[in-house]
Amino acid sequence: MKRHEIFALVDCNSFYVSCERIFQPQLENKPVGVLSNNDGMVVALSSEMKKLGIKRGDPAFKIGNFLKKHDGVLLSSNYTLYGNISARIMQALQQFSPDLEIYSIDEAFLRFTDLPEQDLDLLGKKIRATIQTWIGVPVSVGFGSTKTLAKIANRVAKKFSSTEGVYNLCDHPNLPKVLKWLEVDNIWGVGRKYAKMLHSNGIHNAWQLANTDYPWVKKQMTVVGLRTTMELNGISCIDIEMDIAPRQEIVSSKSFGKPVSDYQEISEALSAYCVRAVEKLRSQNLVASQIMVFLTTNRFKKELPQYANYALTRLPVPSAYTPDFLIAARSVLKQVYREGYEYKKVGVMLADLMHESQAPLDFFAPTYLDDKRKDIMDCIDKINKEMGRDVLTYAGVGVEQNWQMRREMLSPRFTTCWQEIPIVKAK
DNA sequence: TCTGGGGTCCTAGGACCC
DNA sequence: TCTGGGGTCCTAGGACCC
């Protein structure tokens with residue numbers, strides 16, 4: 001007999017903003033927004049910011065003046081800080097259940113087995129209090145008999161202050177009411193395209209979707225949509241994933257701080273992203289054998305000629321040796337680069353990843369592990385880790401780096417850099 | 001001046017094999 | 001009249017997530 005399972009979704013409220021507020025208490029109760037790379041658009045907002053009518057995705061340059069009038073603050077994103085705070089939260093959550101899935105930087109699923117349901121509300125409150133006290137970040141907790149329902153419960157917890165941040169949908173008499181309230185657009189797993197399709201078929205809320213003919217759903221939305229629909233009916237189809245699945249691809253790409261046409265500059269930026277991607281590869285003890293390069297102009301500038309393209313190549317043997325990728329990336333870039341365009345973005349994607357110990361042997365060439373290449377890379381990584389990022393790097397990444405992104409409102413690395421750790425003076 | 005970056009999964013179709 | 005029937009692997013594209 002299957003044991004009775006309950007899922008919880010713990011989700012940090014306005015995560016990036018909450019991270020900034022830990023070390024900058026003057027930001028409490030103020031409209032605060034955190035921007036995407038290049039200070040482009042708002043990606044996280046405090047509730048005060050939402051009340052001003054600002055939305056995720058609003059471009060920074062359009063709202064700057066408006067915010068000044070309302071004492072609002074915009075910050076550049078500080079992923080070093082957010083990553084560190086996230087790790088602390090996940091560690092703290094471990095104590096509530098060993099069955100923990102880190103779903104994103106600010107969300108985790110927990111699975112409980114044979115837990116008395118009357119205790120759920122108390123448990124939710126305890127989780128909230130723990131994360132608030134230990135780390136200083138407010139979270140919301142939703143319980144459900146499936147992951148999809150736990151997600152919905154979390155949404156209710158966030159939306160209605162009367163819940164005090166905890167909502168339980170397990171065998172709840174309000175379940176039909178909640179499902180009727182929730183538009184299909186807001187169901188986990190239903191994106192813009194499918195939401196539109198469902199609306200045009202007269203299915204507007206989660207209750208209606210739950211009661212839709214399964215074969216029809218499968219035909220229109222593949223098994224993925226079918227799973228979601230069944231989960232709305234309390235049939236658990238998506239289990240938590242505790243093992244960190246090995247990566248299948250690693251992407252490194254960024255928009256430029258300003259438009260770039262010059263081949264040399266693009267090549268430098270590409271080289272820099274390539275160095276970063278291969279570092280990431282090595283940090284997980286992986287090797288890659290495929291590399292793809294893509295570049296694109298600014299699609300928002302409709303008056304300018306547009307161009308986007310990509311191409312890929314394979315390495316003769318899987319590798320994590322940066323120069324192998326730099327050489328490959330540059331030869332691929334030559335294939336896709338066209339003169340006379342203002343480029344906005346270039347990037348590299350590594351694919352065909354496998355653990356370095358599983359790389360196939362080649363009769364004619366030594367594997368990455370065999371010859372000195374791994375030793376050289378490990379040595380460089382170690383120096384960079386101890387002495388600072390890019391103390392040792394490659395000539396191809398250039399010196400001036402005019403293409404670098406903008407981060408004009410960046411907060412300090414409060415928790416990960418000795419020079420930037422805040423000092424509290426005793427009175 | 002100015003609009004993110006990094007992932008996953010599923011399906012259809014073509015190549016190739018016996 | 002009629003032109004096999006599976007498999008598998010690979011890739012591109014489309015959907016989704018935060």
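Predicted model only: the values in this text are computed from it and were never measured. Residue numbering restarts at 1 for every chain, and letters A, B, ... go by the order of the sequence lines.
In the interface, the side chain of A:Arg56 is paired with the base of B:dG4 through a donor and an acceptor atom under 3.5 Å apart.
Residue order along DNA chain B, read from the 5' end via each residue's closest nucleotide, puts A:Pro259 first among A:Pro259 and A:Thr222. The residue among A:Ala245 and A:Gly257 whose nearest nucleotide of DNA chain B is located toward the 5' end is A:Gly257.
Between A:Lys301 and B:dC2, a side-chain N or O to OP1/OP2 separation shorter than 4.0 Å is present. Residue A:Tyr310 places at least one side-chain N or O under 4.0 Å from the OP1 or OP2 atom of C:dG13. OP1 or OP2 of B:dC10 has not a single side-chain nitrogen or oxygen of A:Lys218 nearer than 4.0 Å. Close to B:dG4, at under 4.0 Å from its OP1 or OP2, lies no side-chain N or O of A:Lys344. Residue A:Ser253 places no side-chain N or O under 4.0 Å from the OP1 or OP2 atom of B:dG4. Regarding contacts with the backbone of B:dC10, a side-chain N or O of A:Arg227 is found under 4.0 angstrom from either OP1 or OP2.
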Query raised in the report: Based on Watson-Crick and G-U pairs with both distances under 3.5 Å, what dot-bracket line describes DNA chain B 5' to 3', crossing pairs as [ ] and inter-strand pairs as |?
Result: ....||||||||||||||
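Between A:Tyr273 and A:Trp403, the angle of the ring planes goes over 60°, which puts this pair in the perpendicular group of the 30/60° scheme.
Near DNA chain C, meaning a heavy atom under 4.0 Å away, the residues from residues 188-208 of chain A are A:Trp188, A:Gly189, A:Val190, A:Gly191, A:Arg192, A:Lys193, A:Tyr194.
Nucleotides C:dC18 and B:dT3 have their P atoms positioned 25 Å apart, rounded to a whole Å.
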Report task. Run the numbers on A:Asp121 and A:Lys125 for salt bridge (charged side-chain N to carboxylate O under 4.0 Å, His left out), then give the verdict. Result -> CA-CA 6 Å; A:Asp121 219 44; A:Lys125 288 197 165 85; 3.3 Å; yes
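The closest side-chain donor-acceptor pair between A:Arg227 and A:Thr148, if any, does not fall under 3.5 angstrom.
Counting non-hydrogen atoms of neighbouring residues, nucleotides and ligands closer than 6.0 angstrom, the NZ atom of A:Lys180 exceeds 12 such neighbours.
Under the side chain to side chain contact (heavy atoms under 4.5 Å, CB included) rule, A:Phe294 has a single partner from A:Val332, A:Val251, A:Asn309, which is A:Val251. Screening A:His199, A:Lys196, A:His204 for a side-chain hydrogen bond (donor to acceptor under 3.5 Å, both in side chains) with A:Asp185, the sole residue that qualifies is A:His199.
What separates CE of A:Met292 from P of B:dG6 is a distance of 12 Å, to the nearest Å.
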